[in-house]
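Let me begin by presenting the structure, written as structure tokens, before commenting on it.
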Amino acid sequence: MLEKYLEYSAEVLEAKKAGKAIVALESTIISHGMPYPQNVETAKEVEDIIRQGGAIPATIAILDGKIKIGISDEELEFLATSNDIEKASRRDLPYLIATKKNGATTVAATMICAELAGIEVFVTGGIGGVHREAETTMDISADLQELAKTNVAVVCAGAKSILDIGLTMEYLETNGVPVVGYETDKLPAFYTRSSEFDVNFRVDDATTAADLIRTKWELGLNGGVVIANPIPEEHALEEAFITNVIETALKEAKENNIAGKNVTPFLLGKVKELTEGTSLTANIALVKHNAVVGAGIAVKLQK
Ligand code: PSU
Ligand code: MN
């Protein structure tokens, strides 16, 4: 029944049969997160890092209404250059699939598709969360609800301070989602290695992370685990600089009455524009670092 919706790449299918570790990757970062050609280059490099780490990469996207688990070079190029790719979160999947459209999967949608494909680890840049002033806008990313119920571990560099990071942590706590610092006590804030918030738990190696994830699911405690891995020191941005940029982006979003699924892309686009490439370099570096850590955890989970 489900299988008719899924289409595996040859590499991923072979890995599944052989019982190899597989790591899911999202496509919003390709279609809406980075400019061309850096988006294609980064996606390929990240896939290679995962292979070097002993796992098989599965980039996930919706193409012609099929849930792609692993994509070809041509499909990657298409996702990276076409203007016709919807940002696809949980809500959008049924429509895009039923009407045979294209979609770049968010963290929430990638988690859903990864679970359908039996993939336990997912590597990305940053997760969505509770937006600032959510107490009046009610803007809370569907990523958080997905983390509450879908059994996929998400390796990321924390959450950007376009969000209310404190409220995001509260939401995750309410929903029983452990936020685990990878070699850190502080919650990373994407461009910076730390924030004013502590992680819930710290682990210093892939084995401990994998043990925690496996234990959660064996106990029947459904939902994700956030593995928060700080950006490498040499690529971290200066905190005052990025705070300033984010404040400006938030102000412009408000002035332009941006709402719904456009909020996050608008804010990310503004940050990109205002930082003239330094944020892109940082973004590429942190995703690659997350790939190293994610592959390591996936390999341990498979044992
Ligand atoms: N945060 C980032 N980079 C991103 C996103 C969030 O730092 O690319 C993307 C991810 O795909 C995430 C989505 O799942 O935005 C969240 O969108 P929303 O807030 O509309 O749920
Ligand atoms: Mn939102």
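Note that the structure is predicted; figures quoted are calculated from it, not measured. Just so you know, ligand 1 is whichever comes first in the structure, and atom 1 is the first atom listed for that ligand. We're numbering straight along the sequence, starting at 1.
- Ligand 1 lies less than 4.0 angstrom from a heavy atom belonging to Lys87.
- Interface atoms of ligand 1 facing Thr28, defined by a heavy-atom separation under 4.0 Å, are 11 (O).
- Look at Glu247 and Arg132 and you find a salt bridge, because one of the NZ, NE, NH1 or NH2 atoms lies within 4.0 Å of a carboxylate O, short of that distance.
- Closest of all the heavy-atom pairs between Thr208 and Val203 is CG2-CG1, 3.8 Å.
- Summarising the local packing, CD of Glu135 is surrounded by more than 12 heavy atoms from other residues, nucleotides or ligands at distances under 6.0 Å.
- Around atom CD of Glu255, more than 12 heavy atoms belonging to other residues, nucleotides or ligands sit under 6.0 Å away.
- Below 3.5 Å of separation, one finds an N or O of Lys160 facing an N or O of ligand 1.
- Under 4.0 angstrom from ligand 1, there are no non-hydrogen atoms of Val263.
- Closest to atom 5 (C) of ligand 1 among all protein heavy atoms lies Leu268 CD1, 3.8 Å.
- For Glu133 and Thr137, the side-chain atoms include no donor-acceptor pair closer than 3.5 Å.
- Among all protein heavy atoms, the one lying closest to atom 21 (O) of ligand 1 is Ser141 OG, 2.7 Å.
- Inspection of the environment of the Mn ion (ligand 2) yields the following protein N, O or S atoms under 2.8 Å: Asp139 OD1.
- Under 4.0 Å from ligand 1, heavy atoms of Val107 appear from its side chain as well as its backbone.
- Salt-bridge formation is detected for the pair Glu273/Lys270: a Lys NZ or Arg NE/NH1/NH2 atom is positioned less than 4.0 Å from an Asp or Glu carboxylate oxygen.
- Within ligand 1, counting atoms from 1 as listed, the ones closer than 4.0 Å to a heavy atom of Gly126 are 1 (N), 2 (C), 6 (C).
- Residues Lys66 and Glu75 are not paired through a salt bridge, judged by the lack of any N-O separation under 4.0 Å between the basic side chain and the carboxylate.
- The ligand atoms of ligand 1 that sit less than 4.0 angstrom from a heavy atom of His131 are 19 (O).
- Within a 6.0 Å radius of CD in Glu77, other residues, nucleotides and ligands contribute more than 12 heavy atoms.
- Where the criterion is an N or O separation shorter than 3.5 Å, residue side chain and backbone included, Thr106 fails it with respect to ligand 1.
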Stepwise side chain to side chain contact (heavy atoms under 4.5 Å, CB included) test for Asp73 and Lys44: CA-CA 9 Å; Asp73 284 355; Lys44 285 189 177 168; 3.7 Å; yes
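- With hydrogens left out, the protein atom closest to atom 11 (O) of ligand 1 is Glu26 OE1, 3.0 Å, a heavy atom.
- The 12-atom threshold is not exceeded at CD of Glu14, counting heavy atoms of other residues, nucleotides or ligands nearer than 6.0 Å.
- Both Leu144 and Met169 are members of a single hydrophobic cluster when ILVMFWY side chains are connected at heavy-atom separations under 4.5 Å.
- Residue Val179 forms a side-chain contact (heavy atoms from CB on, under 4.5 Å) with just one option from Leu172, Val225, Ile227, and that option is Leu172.
- When hydrogens are left out, the protein atom nearest atom 19 (O) of ligand 1 is Thr264 OG1, 2.6 Å; that is the closest non-hydrogen contact.
- Distances from ligand 1 to the non-hydrogen atoms of Asp143 include at least one value under 4.0 Å.
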